[in-house]
Amino acid sequence: MPRPNEKIFSCPARQKIMEFFSNSPASIDTLRGIMAWTGLTKKEAIKALEELVKEGILTPHRTSSTVGYAYTPDKNMSKKIIKYFNKSGR
Amino acid sequence: MKDGYTQDFLRRIAENLNLKRQQQVFEGMLGRATWEVLPIKTAKDKNPDRFSNDGGCGFSVPLKQGNQFYGYVTARGFKYPVTDELMSVFTVFIETVMREVQKDMELTKLYDTIRPRAIALSTIHTVLRRISSTLDLEELMPRIARLCLQVMRAEMCNIFLLDKNKKRLILKTSVSSDKEIKKSGFQMKPAGSLGRVAKTGASVFTPKRLLVPLIDEDVIGIISIRNKLGDKPFTEFDKEILTTFAEQAVIAIRNAQLYEEQEKLTIGSIKALAAILDTRPQRIQTHSAMFVKLVVDVAKQMEMSMQEIRVLKYASLLHDAGKMMIPDEILKKPRKLTGEEFQIVKRHPLKGVEIVKPIEVLKPVIPVILYHHERFDGTGYPKGLKGKEIPLGSRIMAVVDAFISMISKQAYRESLSLDEAVAEIKKYSGTQFDPDVVDVFSRIILKANLTMLLKMK
């Protein structure tokens, strides 16, 4: 079962994205949307999103024209993320 | 009164005055005055007040907004009594600070109200883009279910559609957050909660389950979700979100259904045309269902678009239409063709184009039909195109056409086994055939249902 690697949260860009999704867990948004909600630059957001997808924390919903990023639907992973956020008091 | 708003208001006033709880501000002539923002504790005069006591002179300015009274800003420890002018300046200053704080708090409230709605709107927009990007019902249903799980943060989503007589519910997809089940086709009479939704068009809502109808004039189906993640109950808000989601989903489903109906009509017409072609003697039947299936499978693996695959499907049914124009004696000939006869056969792609040209819907298939006998090394016909100059659909059809021809029994030779045919295809990879297509095709044949292929043989 995948588990969030705690190092993944060490980067501020990843933290901002995770905080956005933790506050809006039902959200599915594009790169442009996530940049608007987090204030990250395109470069920062792309890199952080790719890493979070690789880690299994975010799921990419792809279409031919865009990608919608969302929290993973894996409930075990979701529990671990919530636990991590509660523990770290973020 | 010390509710959250009041506390926040007083905290912001203190921040704007640059005060911590109590702070020394003035020294010298005015004295060692300390300022404080105090919440109201007892009913006091709500007007500005000057006072003097053992600790020196001072004043209090009430923090009022309309009829609401929150507390005081108090300064004490002045050396001299506070003059009218100074009092007036302080009062105006405090009122200005209060107005700024009030504006700031209203903005914060507005932001807190609008932000989640803007995020929800953005989510709906992304969902719409996702579900309207396919017209394939088989692909659309699990996609809707997965997005539904995502938006609703639920453990399971089932989507049912009612049959045409509205007597049975057909399970179109079932997706869970743990693993994708993706079963479909299960049919049932609408009973219980599902029956109630199908009959009344009203949602059913329990802490662990939400059923929302898919309505297009009448109920056409139901989205059912179970178990909110984190062991939370579904709420009225969840019901509203799922209802909005279902309204969008139904548009995508209806579009896909209409497209499917249109597709059936078109395919029906093309099949009718292909059936007419079948009445002619054939050397090899290569527009069989298996031929079409293999062509489409390879096209999917090669990530052709839905539109390209659709065109290829039509083309694979009609690619040998031009053989209509070839004399019977050549088509029926049980031996190998002479050079002259082969020249006549080589004209069939051009003839095929002449047949399909007047049909508007078939215009995109013309290049695929025209070039399906081109060879990757440029030695094919009719134009001698080379490599990627040949349309991908034609390159795919060339491989499948040759394979089906090899495993079919001919009047002039025995059929090859599946392995022999694949080996032969591989042998001509890079010369007659596109190596990329050969790779994909070989993998598909390895995985294919051999019984079906052998039966076809």
J.: Considering only heavy atoms and a distance below 4.5 Å, find which of A/Ala36, A/Gly68, A/Ser27, A/Ala26 pairs most often with chain B.
T.: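 When all of A/Ala36, A/Gly68, A/Ser27, A/Ala26 are compared, A/Ala26 has the most.
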
J.: Using non-hydrogen atoms only, which part of B/Ser122 is less than 4.5 Å away from chain A: side chain, backbone, both, or neither?
T.: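 For B/Ser122, backbone and side chain are both near chain A.
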
J.: Crowded around B/Asp112 CG? As in, over 12 foreign heavy atoms under 6.0 Å?
T.: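 Check passes, neighbour count above 12.
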
J.: Ignoring hydrogens, what is the shortest heavy-atom contact between B/Arg153 and A/Thr72? Give both atom names and the distance.
T.: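 Between these two residues, the closest heavy atoms are NH1-O, 3.6 Å.
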
J.: Does B/Arg209 CZ have over 12 foreign heavy atoms under 6.0 Å away?
T.: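 For B/Arg209, atom CZ is crowded (more than 12 foreign heavy atoms under 6.0 Å).
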
J.: Mind checking the CZ-OG1 spacing from B/Arg129 to A/Thr66? Nearest 0.5 Å is all I need.
T.: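 Separation between the atoms: 4.5 Å.
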
J.: Examine whether an atom of B/Ile119 lies under 4.5 Å from a heavy atom of chain A, and if so say whether it belongs to the side chain, the backbone or both; otherwise answer neither.
T.: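 Contact with chain A is through both the backbone and side chain of B/Ile119.
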
J.: Can you give me the closest heavy-atom contact between A/Ile28 and B/Val127, atom names plus distance?
T.: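 Result for this residue pair: CD1-CG2, 3.9 Å.
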
J.: When rounded to the nearest 0.5 angstrom, what distance separates NE2 in A/His61 from CZ in B/Arg146?
T.: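 With rounding to 0.5 Å, NE2 (A/His61) is 8.0 Å from CZ (B/Arg146).
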
J.: Between B/Ala118 and chain A, with a heavy-atom cut-off of 4.5 Å, which part of the residue counts as in contact: side chain, backbone, both or neither?
T.: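 Both backbone and side chain.
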
J.: Which region of B/Ile124, side chain (C-beta onward) or backbone (N, CA, C, O), has a non-hydrogen atom less than 4.5 Å from a non-hydrogen atom of chain A, or is it both or neither?
T.: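 Neither part, no heavy atoms under 4.5 Å.
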
J.: Report which part of B/Val151 has an atom under 4.5 Å of a heavy atom belonging to chain A: side chain, backbone, both, or neither.
T.: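 The answer is both parts of B/Val151.
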
J.: If you round to the nearest 0.5 Å, how far is CG of A/Asn23 from CZ of B/Arg115?
T.: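 Separation between the atoms: 7.5 Å.
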
J.: Please flag which part of A/Thr30 lies under 4.5 Å from any non-hydrogen atom of chain B: side chain, backbone, both or neither.
T.: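 Contact with chain B: backbone and side chain both.
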
J.: Count the heavy atoms belonging to other residues, nucleotides or ligands that lie under 6.0 Å from NZ of B/Lys313, then report whether that count exceeds 12.
T.: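 At most 12 heavy atoms, drawn from other residues, nucleotides or ligands, come within 6.0 Å of this atom.
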
